[in-house]
Asks: 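I am attaching a structure below and will ask some questions about it afterwards.
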Amino acid sequence: MPDPTNSEIAAALEELGDLYELDGAIIHRVVAYRNAAKAVRDASVSVSALARQGRATELPGIGATIQEKVLALADDGAIPAAVKLRARFPSGLIEVTRLPGLGPKRARRLFEELSIDSIDSLRAAAEGERIRTLKGFGPKAEESILAALADAGAGEPRARVVLHRALAVGEQLIAALREHPASERVELAGSARRMTDSVKDLDVIATASDPGALARAAAALELVEAAQIPGEAGVRLRTHTGLKIDLRIVAPEQFGNLLQHFTGSKEHNMALRDAAVRKGLHVSEYGVLDDSTGHTTKCTTEGEVYALLGLQYIEPELRENRGELEAAAAARLPELVQLGDLRGDLHSHTTASDGTASIEQMGMAAREAGYEYLAVTDHSASFGFGEDVSPLALRDQVERIRSAELDGITLLAGSEVNVLPDGSLDYPDELLTELDWVIASVHSSFRMDAEAMTGRLLRAIEHPLVDAIGHLSGRKIERRAPYAFDVERVLEAAARTGTMLEINASPDRRDINDVTARAAAAAGIPIVINCDAHRVRGFEVARYGIATARRAWLTAAEIANTRPWPEVQALRPRHRAAV
DNA sequence: GCCGTTTTCGGCCCGACTGTTTTCAGTCG
C-alpha cells in the first residue's frame, strides 16, 4: 500500500475534526485538526515521509499527537480515533452539518432526538413537521431546512468561477463606478484581489460623497441582471454571467480597515488578529482597539493597519497565512516580481500548429507587449489534432523564424515537444539540437498511475536537450485535476539537471501552481513564466502567470525570463555541447 | 490539540445575523 498523499492526509484530518466536533469536543481542538489539514495541504513535501522521520511536527499546527495519527494512517490505512467515532456517528450526519444553517450542535440534536442520520431522513422529518417539536427549533427552522435542501438539490452547486472570467466583469464594474461623480475610492477586495485561481464571488469596497447615489448607480449598470435594494452601505448584485458582487461603501476614515478585512484571507486575518491580541490590540473591520488605552484607531490605508501591528505592508497575494506574518514582523518579505519585469516569452504558437496568427504577427504582438524576445514553439509531430508539425515542416519553420524580418524583437526557433507515454520525445535529437529552445509537455495519456507518470516526467527532465517542462501538472482549474505524479521527485530531478519549470500563465492552467512554484524556486530551479499564446491577444494573460509567481513569493531574480535572452541561455545547462 | 520576547498551563479572532429568545446559542464569513 503506497503512503497516503498529502491531500489524503488532509482529508482524513478534516474528517476527524468534523467527527470530534459532532462528538462535542471543545472547538479549539476541532480547529487544531483543521489547521493541521491546511498545513498538510500547503506542504510541498510528502507529509507521510516527514512523519516517518519524526519531522512532521516542524509544520505549523502539527504536534506530536497529530503526527502519531498521520503515522497510523500511513501504517494501517486508518486512524483509530476516526474508526471509533465513525461507529458512533453515521457518515450521512456530516453531510447534514454541511447544510447552511445547520452546524454540528443542531445536527447532533436532530440525530439524538429524531434519529436523523442522513439528508433523506432530514427531509422526511421536515416535511412531517417533526422538527418543530424540538426545543429551540420552530417552524422557521423547518422552512429554512427545506429551502436549503431544495437549493442543494437544484443541481446548481454554483461552482467557483475561474479568476479571469470574474475579473472580466468585475473590472468593468469597478471602472464604471470610478467614473461616477459620487465615487471617491473604489477597490477590488476578496480572493480576487489576492489573485486566487478561482473565486466564489467578488467583493468591492468604496468610499463616496453620496453613498446612496453610488449604490443606485451600481444597481443600474447594464451588466447587472438583478440587485437587492441599494442603501447607504452598498448593494448586492448579480451579473448576467451569474456572478455575485458585493459592493460595500464606507466612511473614508475606515477604508483601510475594511479593505484589509474583506481582502482576507480568513486564515490570514485570524492569524493577524491572534498576533495582535498578544500585543494587546484587537483588529476588526472598524479599526484597531488598544487594550491599554481603550482607544480605537481607524485607518484610511491598509499600510496603517499593518504598521500599527509592527508589520511591513503585506501584498494581497501573500495573505494566505503561509508565513507572511512572521516574515513581515522580521521585515523580511520578498520583493515580488512584477509584470513589467518580464523581458521575453518562451512558449507560443502560430498557424504552423494550432495558433491563429503568423510568426510575424505573433512577434509584433510580443513586441507591443514589451518583450525583447519570443520563442515560437509550435506543437511537435504527434500532437494529434491534425495540427502537428512533421520533422520536415519543422526545418522549414526554423528557416521562416530565422528569416523573419522584425525590428526590436528577437525571435527564437523552438518547439513544444510532446512527452510520449514512455517519456521519450517525438522529435529526434538531431532535430532538437538545431533549435534555440525546447519546451517539453505532456498532452496525452493523462491517466497513468503515479509511478509511471513520474518516470515519464523524469525521463523528459533528464533529457539533455529539454530546456523547460511546460504546464507540468496538466491541471485545468475547476475542470481537471492534476495527473498523479510525485512532485518531490520531479523537483529533485529538475534541480539536479537544471531543467527549468514553466508557470503557464493561461488563466485556466496557472500550472505549476503557487505551492509547487514556491517549492521549486526554493530548490533552486529557474522558473519561466510563459503565456502559451495562440493568438496575438494571447500575451494579455501574462498577469495571471505573474500572479501565481507572486503567490509563490517569487522575486524577479528567480524568474529566468526577467533576464535578457543571452543570460537565459547562460542559465541553461545546455548539455548541447555534450551531445 | 497546539503553542509560548509577558505563559510548559491557560489561553486560543471578531462581528453580524437569525430564530426563538426574555438575555442568547448557534451559525456564518
Side-chain angles (χ1 to χ4, degrees), chain A residues 13-14 16-40 56-70 79 81-82 85 96-110 131-145 147-148 189-191 194 199-203 205 233-234 236 244 246 248 250 254 257-258 260-289 291-292 296 305 309-310 319 321 325-326 329-330:
Chain A
L13 295 176
E14 294 271 11
L16 193 47
D18 288 341
L19 287 167
Y20 275 133
E21 191 173 36
L22 276 174
D23 194 35
I26 58 162
I27 190 62
H28 304 109
R29 189 165 158 214
V30 175
V31 167
Y33 278 95
R34 293 184 180 152
N35 287 340
K38 179 192 181 306
V40 171
T57 53
E58 291 171 18
L59 296 172
I62 295 187
T65 306
I66 291 184
Q67 175 165 270
E68 279 299 311
K69 293 191 157 69
V70 171
I79 302 172
L85 287 167
V96 170
T97 69
R98 300 257 187 273
L99 283 175
L102 288 182
K105 296 278 194 332
R106 311 182 87 202
R108 182 163 173 186
R109 288 197 50 214
L110 292 170
I131 289 176
R132 65 181 65 184
T133 63
L134 261 51
K135 190 170 168 58
F137 290 78
K140 279 272 175 58
E142 231 160 43
E143 203 176 294
S144 71
I145 284 169
S191 55
R194 302 198 312 278
V199 302
K200 192 161 65 65
D201 50 26
L202 291 184
D203 292 290
I205 309 290
R236 308 188 73 158
K244 291 192 183 120
D246 262 1
R248 288 187 180 78
V250 286
Q254 288 178 349
N257 300 109
L258 207 75
Q260 195 285 320
H261 175 79
F262 279 103
T263 296
S265 64
K266 186 181 168 203
E267 290 78 10
H268 172 85
N269 283 352
M270 285 174 64
L272 181 78
R273 290 167 182 168
D274 184 53
V277 166
R278 279 184 251 122
K279 293 177 183 265
L281 301 169
H282 301 272
V283 179
S284 79
E285 58 265 53
Y286 303 110
V288 180
L289 168 66
D291 269 343
S292 61
T296 296
V305 179
L309 304 174
R319 300 183 197 169
N321 195 27
L325 291 167
E326 295 79 358

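Hydrogens, waters and symmetry mates are skipped; everything else that's a heavy atom, side chains included, is used. Residue numbers begin at 1 in each chain, while the letters A, B, ... track the order of the sequences. The model shown is predicted, which means the values in this text are computed figures rather than measured ones.
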Asks: Quick one: label A:H282 by what it contacts on the DNA or RNA (base, sugar-phosphate, nothing), any heavy atom closer than 4.0 Å.
Replies: sugar-phosphate
Asks: Which value, in whole Å, describes the distance between the C1' atoms of nucleotides B:dT6 and B:dG1?
Replies: 23 Å
Asks: Taking atom P in both B:dC28 and B:dT23, compute the distance separating them and give it to the nearest angstrom.
Replies: 25 Å
Asks: Using atom C1' in both nucleotides, what's the gap between B:dT20 and B:dT27 to the nearest angstrom?
Replies: 14 Å
Asks: Between A:R106 (side chain) and A:G101 (backbone), is there a donor-acceptor pair under 3.5 Å?
Replies: yes
Asks: Determine the sole option in A:K105, A:R34, A:R108 for which the salt bridge (Lys or Arg N to Asp or Glu O under 4.0 Å) test with A:E21 is passed.
Replies: A:R34
Asks: Provide the start and end nucleotides, 5' to 3', of the part of DNA chain B that has atoms under 4.0 Å from heavy atoms of chain A.
Replies: B:dG1 to B:dC28
Asks: With DNA chain B as reference, determine whether A:G103 or A:S284 sits nearer its 5' end, using the nearest nucleotide of each.
Replies: A:S284
Asks: Contact class for A:V31 vs. all strands (heavy atom < 4.0 Å): base, sugar-phosphate, or nothing?
Replies: nothing
Asks: Taking atom C1' in both B:dC14 and B:dT7, what distance in whole Å separates the two?
Replies: 23 Å
Asks: Is it true that a side-chain atom of A:S265 and a backbone atom of A:H268 form a donor plus acceptor pair closer than 3.5 Å?
Replies: yes
Asks: Rounded to the nearest 0.5 Å, how far does CG of A:D291 lie from CG of A:L281?
Replies: 7.5 Å
Asks: So what does A:L99 touch, heavy atoms closer than 4.0 Å: a base, only the sugar-phosphate, or nothing?
Replies: sugar-phosphate
Asks: Indicate, with a heavy-atom threshold strictly under 4.0 Å, whether A:I26 touches base, sugar-phosphate, or nothing.
Replies: base
Asks: Using atom P in both nucleotides, what's the gap between B:dT21 and B:dA16 to the nearest angstrom?
Replies: 24 Å
Asks: What is the distance from atom CD1 of A:I62 to atom NZ of A:K69, rounded to the nearest 0.5 Å?
Replies: 12.5 Å
Asks: I want to confirm an ordering. Mapping A:L281 and A:T57 to their closest nucleotides on DNA chain B, which one lands closer to the 5' end?
Replies: A:T57
Asks: B:dC14 pairs with which nucleotide, Watson-Crick or G-U wobble, both distances below 3.5 Å?
Replies: B:dG29
